[in-house]
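This is a predicted model, so every value here is computed, not measured. Keep in mind that the numbers below use all heavy atoms, side chains included, and drop hydrogens, waters and symmetry copies.
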Amino acid sequence: MLDGKIIRIIQYLSILLLLSLPPWFSMIKRFRNRRARRMIWILAFIPYIVAVTYTQNIVPFFAVLITLYFIKNQGDEGELYYFRPIREKIPYLIGISIVFRIAVTIVNGIYVALLMKFGLKPQPQEVMKLFLEKPWLSVIYLSLMTVIAAPILEEFIFRHIFYRNLAKINKTFSAIFTSLLFMLLHYNIAGAVSFFMVGVFNCYLYDKFGYKAAVFNHFLFNLVSVVGLLIMKYHNITLTS
(Lines give C-alpha, C1' and ligand atoms only; values in the text may rest on other atoms or scores of the structure.)
Protein backbone atom coordinates (compact mmCIF):
# COMPACT_ATOMS: atom_id res chain seq x y z
CA MET A 1 0.00 0.00 0.00
CA LEU A 2 1.21 3.51 -0.78
CA ASP A 3 1.56 5.77 2.21
CA GLY A 4 -0.41 9.01 2.46
CA LYS A 5 2.51 11.27 1.52
CA ILE A 6 3.16 9.47 -1.77
CA ILE A 7 -0.56 9.53 -2.61
CA ARG A 8 -0.70 13.29 -1.97
CA ILE A 9 2.31 13.82 -4.25
CA ILE A 10 0.66 11.76 -7.01
CA GLN A 11 -2.56 13.73 -6.57
CA TYR A 12 -0.72 17.05 -6.78
CA LEU A 13 1.17 16.02 -9.92
CA SER A 14 -1.98 14.77 -11.61
CA ILE A 15 -3.80 18.02 -10.77
CA LEU A 16 -0.84 19.94 -12.14
CA LEU A 17 -0.66 17.94 -15.37
CA LEU A 18 -4.37 17.49 -16.08
CA LEU A 19 -6.13 20.47 -14.50
CA SER A 20 -3.51 23.24 -14.44
CA LEU A 21 -1.28 23.02 -17.50
CA PRO A 22 -3.95 22.53 -20.21
CA PRO A 23 -5.81 25.77 -19.31
CA TRP A 24 -2.48 27.61 -19.12
CA PHE A 25 -1.29 26.54 -22.57
CA SER A 26 -4.74 27.07 -24.04
CA MET A 27 -4.81 30.59 -22.63
CA ILE A 28 -1.37 31.76 -23.74
CA LYS A 29 -1.77 30.46 -27.29
CA ARG A 30 -4.70 32.89 -27.70
CA PHE A 31 -2.24 35.77 -27.64
CA ARG A 32 -1.58 36.29 -31.32
CA ASN A 33 1.44 38.49 -30.74
CA ARG A 34 4.32 36.04 -30.31
CA ARG A 35 6.40 38.49 -28.31
CA ALA A 36 3.54 39.09 -25.86
CA ARG A 37 3.00 35.33 -25.62
CA ARG A 38 6.68 34.77 -24.82
CA MET A 39 6.70 37.47 -22.13
CA ILE A 40 3.58 36.06 -20.47
CA TRP A 41 5.14 32.60 -20.51
CA ILE A 42 8.38 33.85 -18.92
CA LEU A 43 6.90 36.21 -16.33
CA ALA A 44 3.68 34.51 -15.30
CA PHE A 45 4.25 30.76 -15.48
CA ILE A 46 6.02 30.30 -12.13
CA PRO A 47 3.54 32.51 -10.20
CA TYR A 48 0.75 30.55 -11.90
CA ILE A 49 2.16 27.21 -10.71
CA VAL A 50 2.73 28.58 -7.19
CA ALA A 51 -0.85 29.85 -7.10
CA VAL A 52 -2.11 26.45 -8.26
CA THR A 53 -0.19 24.81 -5.41
CA TYR A 54 -2.09 26.85 -2.84
CA THR A 55 -5.48 27.24 -4.52
CA GLN A 56 -5.66 24.15 -6.77
CA ASN A 57 -8.62 24.65 -9.14
CA ILE A 58 -9.29 28.37 -8.64
CA VAL A 59 -6.49 29.73 -10.82
CA PRO A 60 -7.02 27.23 -13.69
CA PHE A 61 -10.74 28.11 -13.55
CA PHE A 62 -9.95 31.77 -14.16
CA ALA A 63 -7.51 30.77 -16.91
CA VAL A 64 -10.40 28.96 -18.61
CA LEU A 65 -12.65 32.01 -18.24
CA ILE A 66 -9.98 34.17 -19.91
CA THR A 67 -9.61 31.59 -22.68
CA LEU A 68 -13.38 31.50 -23.23
CA TYR A 69 -13.34 35.28 -23.57
CA PHE A 70 -10.66 35.04 -26.26
CA ILE A 71 -12.52 32.28 -28.08
CA LYS A 72 -15.68 34.37 -28.18
CA ASN A 73 -13.92 37.50 -29.41
CA GLN A 74 -11.35 36.07 -31.83
CA GLY A 75 -14.03 34.60 -34.05
CA ASP A 76 -12.57 31.21 -34.97
CA GLU A 77 -15.67 29.68 -36.58
CA GLY A 78 -14.31 26.16 -36.32
CA GLU A 79 -13.91 26.44 -32.57
CA LEU A 80 -16.97 28.62 -31.97
CA TYR A 81 -19.08 25.76 -33.35
CA TYR A 82 -18.49 23.90 -30.09
CA PHE A 83 -19.77 26.88 -28.10
CA ARG A 84 -23.09 27.25 -29.89
CA PRO A 85 -26.17 28.29 -27.84
CA ILE A 86 -28.25 25.64 -26.09
CA ARG A 87 -31.15 27.83 -24.88
CA GLU A 88 -33.73 26.02 -27.00
CA LYS A 89 -32.37 22.66 -25.87
CA ILE A 90 -32.59 23.34 -22.11
CA PRO A 91 -35.88 21.42 -21.48
CA TYR A 92 -34.55 18.41 -23.41
CA LEU A 93 -31.20 18.57 -21.62
CA ILE A 94 -32.90 18.75 -18.23
CA GLY A 95 -34.96 15.68 -19.11
CA ILE A 96 -32.09 13.50 -20.31
CA SER A 97 -29.90 14.71 -17.42
CA ILE A 98 -32.53 13.53 -14.91
CA VAL A 99 -32.83 10.15 -16.63
CA PHE A 100 -29.05 9.88 -16.77
CA ARG A 101 -28.68 10.76 -13.08
CA ILE A 102 -31.17 8.05 -12.09
CA ALA A 103 -29.36 5.50 -14.28
CA VAL A 104 -25.96 6.42 -12.84
CA THR A 105 -27.28 6.16 -9.28
CA ILE A 106 -28.65 2.67 -9.93
CA VAL A 107 -25.57 1.37 -11.77
CA ASN A 108 -23.11 2.83 -9.29
CA GLY A 109 -25.18 1.47 -6.40
CA ILE A 110 -24.97 -2.04 -7.86
CA TYR A 111 -21.23 -1.57 -8.37
CA VAL A 112 -20.69 -0.51 -4.73
CA ALA A 113 -22.83 -3.44 -3.53
CA LEU A 114 -20.64 -5.83 -5.51
CA LEU A 115 -17.50 -4.32 -4.02
CA MET A 116 -18.88 -4.81 -0.53
CA LYS A 117 -19.96 -8.37 -1.35
CA PHE A 118 -16.34 -9.17 -2.20
CA GLY A 119 -15.16 -7.76 1.12
CA LEU A 120 -14.10 -4.32 -0.04
CA LYS A 121 -15.14 -1.22 1.86
CA PRO A 122 -15.14 1.70 -0.58
CA GLN A 123 -14.80 5.06 1.14
CA PRO A 124 -16.86 8.13 0.21
CA GLN A 125 -15.19 10.87 -1.80
CA GLU A 126 -13.06 13.22 0.29
CA VAL A 127 -15.10 16.25 -0.72
CA MET A 128 -18.19 14.66 0.85
CA LYS A 129 -16.42 14.55 4.20
CA LEU A 130 -15.40 18.18 3.80
CA PHE A 131 -19.00 19.22 3.17
CA LEU A 132 -20.16 17.52 6.33
CA GLU A 133 -17.26 18.46 8.60
CA LYS A 134 -16.31 22.01 7.57
CA PRO A 135 -18.04 25.17 8.90
CA TRP A 136 -20.84 26.64 6.81
CA LEU A 137 -18.70 29.43 5.33
CA SER A 138 -16.27 26.86 3.92
CA VAL A 139 -19.19 24.77 2.69
CA ILE A 140 -20.58 27.73 0.72
CA TYR A 141 -17.19 28.10 -0.98
CA LEU A 142 -17.06 24.34 -1.68
CA SER A 143 -20.57 24.48 -3.12
CA LEU A 144 -19.66 27.25 -5.55
CA MET A 145 -16.50 25.44 -6.63
CA THR A 146 -18.34 22.14 -7.09
CA VAL A 147 -21.43 23.42 -8.86
CA ILE A 148 -20.01 26.29 -10.94
CA ALA A 149 -16.21 26.17 -11.25
CA ALA A 150 -15.75 22.40 -11.62
CA PRO A 151 -18.12 21.92 -14.60
CA ILE A 152 -16.67 24.90 -16.51
CA LEU A 153 -13.07 23.89 -15.82
CA GLU A 154 -13.31 20.13 -16.19
CA GLU A 155 -15.49 20.12 -19.30
CA PHE A 156 -13.14 22.55 -21.00
CA ILE A 157 -10.16 20.31 -20.26
CA PHE A 158 -11.59 16.83 -20.70
CA ARG A 159 -14.11 17.47 -23.47
CA HIS A 160 -12.98 20.58 -25.36
CA ILE A 161 -9.23 20.00 -25.20
CA PHE A 162 -8.65 16.26 -24.69
CA TYR A 163 -11.73 14.65 -26.23
CA ARG A 164 -12.04 17.03 -29.20
CA ASN A 165 -8.41 16.59 -30.24
CA LEU A 166 -8.19 12.83 -29.69
CA ALA A 167 -11.52 12.37 -31.49
CA LYS A 168 -9.74 13.40 -34.67
CA ILE A 169 -8.04 10.01 -34.43
CA ASN A 170 -10.96 7.94 -33.14
CA LYS A 171 -14.09 9.09 -31.29
CA THR A 172 -14.71 5.86 -29.40
CA PHE A 173 -11.13 5.65 -28.17
CA SER A 174 -11.19 9.34 -27.25
CA ALA A 175 -14.43 9.03 -25.26
CA ILE A 176 -13.20 5.98 -23.32
CA PHE A 177 -9.68 7.28 -22.72
CA THR A 178 -10.68 10.78 -21.60
CA SER A 179 -13.46 9.37 -19.40
CA LEU A 180 -10.95 7.06 -17.72
CA LEU A 181 -8.71 10.08 -17.05
CA PHE A 182 -11.71 11.96 -15.69
CA MET A 183 -12.55 9.00 -13.44
CA LEU A 184 -8.99 8.53 -12.17
CA LEU A 185 -8.61 12.22 -11.36
CA HIS A 186 -11.38 11.96 -8.75
CA TYR A 187 -9.42 9.40 -6.69
CA ASN A 188 -12.45 7.52 -5.42
CA ILE A 189 -13.19 3.84 -5.93
CA ALA A 190 -16.80 4.09 -4.72
CA GLY A 191 -17.69 6.64 -7.40
CA ALA A 192 -15.50 5.26 -10.20
CA VAL A 193 -18.37 3.94 -12.34
CA SER A 194 -20.32 7.14 -11.79
CA PHE A 195 -17.42 9.36 -12.89
CA PHE A 196 -16.71 7.22 -15.93
CA MET A 197 -20.35 7.31 -17.02
CA VAL A 198 -20.45 11.09 -16.61
CA GLY A 199 -17.35 11.35 -18.78
CA VAL A 200 -18.75 9.21 -21.59
CA PHE A 201 -22.17 10.87 -21.52
CA ASN A 202 -20.64 14.34 -21.59
CA CYS A 203 -18.56 13.35 -24.62
CA TYR A 204 -21.85 12.49 -26.33
CA LEU A 205 -23.40 15.82 -25.28
CA TYR A 206 -20.31 17.71 -26.41
CA ASP A 207 -20.46 16.04 -29.81
CA LYS A 208 -24.18 16.56 -30.28
CA PHE A 209 -24.80 19.96 -28.67
CA GLY A 210 -21.40 21.43 -27.78
CA TYR A 211 -19.42 22.48 -24.71
CA LYS A 212 -22.30 24.28 -23.00
CA ALA A 213 -24.45 21.14 -22.98
CA ALA A 214 -21.68 19.12 -21.32
CA VAL A 215 -21.22 21.88 -18.72
CA PHE A 216 -24.98 22.01 -18.12
CA ASN A 217 -25.22 18.26 -17.45
CA HIS A 218 -22.15 18.40 -15.20
CA PHE A 219 -23.70 21.36 -13.37
CA LEU A 220 -26.98 19.53 -12.75
CA PHE A 221 -25.20 16.34 -11.71
CA ASN A 222 -23.07 18.16 -9.14
CA LEU A 223 -25.98 20.33 -7.99
CA VAL A 224 -28.01 17.27 -7.02
CA SER A 225 -25.06 15.89 -5.05
CA VAL A 226 -24.41 19.22 -3.29
CA VAL A 227 -28.08 19.70 -2.34
CA GLY A 228 -28.09 16.21 -0.84
CA LEU A 229 -24.94 16.93 1.16
CA LEU A 230 -26.31 20.27 2.38
CA ILE A 231 -29.48 18.53 3.60
CA MET A 232 -27.35 15.96 5.41
CA LYS A 233 -25.25 18.69 7.00
CA TYR A 234 -28.29 20.71 8.08
CA HIS A 235 -29.75 17.65 9.82
CA ASN A 236 -26.35 16.59 11.24
CA ILE A 237 -26.39 13.33 9.33
CA THR A 238 -22.94 11.75 9.06
CA LEU A 239 -21.66 9.31 6.46
CA THR A 240 -21.66 6.55 9.08
CA SER A 241 -25.20 7.27 10.29
Side-chain angles (χ1 to χ4, degrees), residues 2-74 79 83 125-131 133-165 178 181-188 195 198-199 202 211-212 214-215 218-219 221-223 225-226 229:
L2 295 174
D3 62 39
K5 187 175 181 180
I6 294 176
I7 291 174
R8 285 193 294 272
I9 291 172
I10 293 173
Q11 288 177 331
Y12 170 74
L13 290 175
S14 62
I15 289 171
L16 181 67
L17 291 173
L18 295 178
L19 289 183
S20 304
L21 294 183
W24 167 262
F25 287 115
S26 183
M27 180 181 67
I28 63 169
K29 84 173 187 178
R30 309 292 164 175
F31 291 87
R32 291 176 174 172
N33 184 301
R34 289 188 177 183
R35 184 175 180 181
R37 190 187 306 176
R38 192 182 305 117
M39 289 302 296
I40 292 170
W41 169 259
I42 293 170
L43 297 176
F45 181 68
I46 292 177
Y48 176 84
I49 295 301
V50 171
V52 167
T53 302
Y54 290 99
T55 67
Q56 291 196 354
N57 292 354
I58 297 177
V59 176
F61 168 65
F62 281 106
V64 167
L65 292 183
I66 293 170
T67 304
L68 292 175
Y69 171 81
F70 279 122
I71 290 172
K72 181 180 179 181
N73 287 279
Q74 289 181 345
E79 190 165 25
F83 294 88
Q125 196 176 2
E126 184 64 28
V127 70
M128 295 176 67
K129 298 177 184 177
L130 294 176
F131 265 95
E133 295 171 2
K134 291 287 184 178
W136 277 102
L137 190 60
S138 297
V139 168
I140 292 171
Y141 166 76
L142 282 172
S143 299
L144 292 173
M145 290 299 296
T146 303
V147 175
I148 298 174
I152 292 172
L153 172 65
E154 293 174 6
E155 293 309 313
F156 186 83
I157 294 169
F158 287 96
R159 256 55 73 180
H160 186 64
I161 296 178
F162 293 160
Y163 170 73
R164 179 172 64 99
N165 286 290
T178 58
L181 284 180
F182 181 73
M183 176 190 78
L184 292 171
L185 191 70
H186 286 81
Y187 291 99
N188 183 248
F195 298 131
V198 169
N202 281 358
Y211 168 77
K212 294 177 182 179
V215 170
H218 199 152
F219 160 79
F221 193 93
N222 285 5
L223 179 63
S225 299
V226 166
L229 288 168

*Kindly compute the distance separating OG1 (Thr67) from CD1 (Ile28), expressed to the nearest 0.5 Å.*
10.0 Å
*Do side-chain atoms of Tyr48 reach the backbone of Ser20 as a donor and acceptor pair under 3.5 angstrom?*
yes
*asked:* Could you tell me if the side chain of Ile71 sits less than 4.5 Å from the side chain of Arg30, heavy atoms only?
replied: yes
_Student check: side-chain heavy atoms of Leu68 and Phe83 closer than 4.5 Å_ = yes
*Closest non-hydrogen atom pair, Asn222 against Thr146*: ND2-O, 2.8 Å
*Evaluate the ring planes of Trp41 and Trp24, with Trp represented by its six-membered ring, and classify them as parallel (under 30°), tilted (30 to 60°) or perpendicular (over 60°).*
tilted
*Sidechain-backbone polar pair: Tyr211 side chain, Ile152 backbone, donor-acceptor under 3.5 Å*: yes
*Take atom CZ of Phe25 as the centre, draw a 6.0 Å sphere, and report whether it contains more than 12 heavy atoms from other residues, nucleotides or ligands.*
yes
*Mind listing the closest non-hydrogen atom pair of Glu155 and Asn202 along with its distance?*
OE2-ND2, 2.9 Å
*What closest approach, in Å, do Leu130 and Val139 show between heavy atoms, and which atom pair accounts for it?*
O-CG2, 4.4 Å
*Would you check, one step at a time, whether the test side chain to side chain contact (heavy atoms under 4.5 Å, CB included) holds for Tyr54 with Val59?*
CA-CA 10 Å; Tyr54 290 99; Val59 176; over 6 Å; no
*Do other residues, nucleotides or ligands put more than 12 heavy atoms under 6.0 Å from the CZ atom of Phe70?*
yes
_For a quick test of reading the model, state the closest non-hydrogen atom pair linking Glu154 to Leu19 and the distance between them._
CG-CD2, 4.3 Å
_Quick one, Met145 and Ile58 - any side-chain contact, counting heavy atoms below 4.5 Å?_
yes
*For Phe195 and Met183, which heavy atoms make the closest approach, and how far apart are they?*
CB-CA, 3.8 Å
*Ion pair check, Glu133 and Lys129, cut-off under 4.0 Å*: no
*Pro60 to Pro23 - nearest heavy-atom pair and separation*: O-CB, 3.9 Å
*Evaluate whether atom CD1 of Ile42 has more than 12 neighbouring non-hydrogen atoms of other residues, nucleotides or ligands under 6.0 angstrom away.*
yes
*Neighbour count above 12 (heavy atom, 6.0 Å) for Leu137 CG*: no
*4.5 Å side-chain heavy-atom contact, Leu229 and Leu142*: no
*Leu18 versus Ile157: any side-chain heavy-atom pair under 4.5 Å?*
no
*Phe182 and His218: aromatic ring centres closer than 6.0 Å?*
yes
*Find the distance between CG (Leu17) and CG (Leu181) and round it off to the nearest 0.5 Å.*
11.0 Å
*Can you tell me how far the OH atom of Tyr69 sits from the CD atom of Gln74, to the nearest 0.5 Å?*
9.5 Å
*With a 4.5 Å heavy-atom cut-off, do Phe62 and Leu65 have their side chains touching?*
yes
*Ser26 side chain vs Pro22 backbone, donor-acceptor pair below 3.5 Å*: no
